[in-house]
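Shown next, in structure tokens, is the structure this report addresses.
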Amino acid sequence: MWYNRRVTHPEPFRVQLGDRGRLVLPAEIRKRLSLREGDQLLVTVQPDGSLRLMSPHQVVRETRGLYRTRAGRRSLADELIAERRAEAKRESSTS
């Protein structure tokens with residue numbers, strides 16, 4: 001069975017650099033990304049000189065599990081809880 005898959009290319013939007021270096025994102029981009037006035041965005045300069053614009057939520061999604069392979073099968077959450085309990089026990093024994 002053959003499937004037709006539409007290859008999507010990023011659609012370019014023209015923006016103009018305004019006073020004090022401000023950029024205005026076109027309404028269609030804001031709508032697609034569910035952006036509202038006051039939302040924070042992170043901008044990174046890519047090795048090829050292009051800019052990448054991301055929301056903090058997107059950064060969290062992309063970095064989730066980044067250290068999972070380094071942790072192996074141990075639970076970092078359990079280790080943190082054990083460390084906090086030991087620290088609390090030390091603090092309560094010194095006071």
Side-chain angles (χ1 to χ4, degrees):
M1 181 180 282
W2 291 92
Y3 292 94
N4 287 333
R5 175 183 261 172
R6 223 177 113 185
V7 177
T8 59
H9 297 282
E11 183 180 337
F13 289 89
R14 186 176 298 265
V15 296
Q16 185 173 357
L17 192 61
D19 65 325
R20 297 179 12 198
R22 294 181 180 185
L23 291 176
V24 176
L25 296 177
E28 188 174 341
I29 291 176
R30 295 191 312 267
K31 183 178 176 183
R32 284 185 192 181
L33 299 176
S34 301
L35 296 174
R36 295 206 157 94
E37 183 179 338
D39 286 352
Q40 291 188 358
L41 300 170
L42 303 170
V43 179
T44 56
V45 178
Q46 301 299 298
D48 65 357
S50 63
L51 298 177
R52 184 171 184 198
L53 187 67
M54 297 186 308
S55 69
H57 181 71
Q58 183 179 2
V59 173
V60 169
R61 277 196 321 258
E62 288 186 7
T63 57
R64 185 173 288 145
L66 187 63
Y67 297 104
R68 185 175 297 147
T69 56
R70 297 191 78 184
R73 294 184 180 265
R74 70 183 208 244
S75 169
L76 297 179
D78 289 342
E79 286 182 25
L80 178 62
I81 291 169
E83 288 175 13
R84 296 293 170 108
R85 287 182 179 155
E87 184 178 334
K89 187 176 181 180
R90 280 193 307 272
E91 287 179 1
S92 66
S93 66
T94 59
S95 36

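- Side-chain contact between L51 and T44 is absent, with no heavy-atom pair separated by less than 4.5 Å.
- Across every non-hydrogen atom of P26 and V15, the tightest pair is CD-CG1, 3.6 Å.
- Between T63 atom OG1 and Q58 atom CD the span is 10.5 Å, to the nearest 0.5 Å.
- To the nearest 0.5 angstrom, I29 atom CD1 is 8.5 Å from L53 atom CG.
- If you chain together hydrophobic residues whose side chains sit under 4.5 Å apart, V43 and V45 fall into the same group.
- Within the model, atoms CD1 of I81 and OG of S75 stand 7.0 Å from one another, a figure rounded to the nearest 0.5 Å.
- Using a 4.5 Å heavy-atom cutoff, the side chains of L17 and L23 are in contact.
- At a threshold of 4.5 Å between non-hydrogen side-chain atoms, the residues E87 and E91 count as touching.
- Formation of a donor-acceptor pair under 3.5 Å by the S50 side chain with backbone atoms of Q46 is not found in this model.
- No side-chain heavy atom of L25 sits less than 4.5 Å from a side-chain heavy atom of L33.
- The CG atom of L41 sits 13.5 Å away from the NE2 atom of H57 when rounded to the nearest 0.5 Å.
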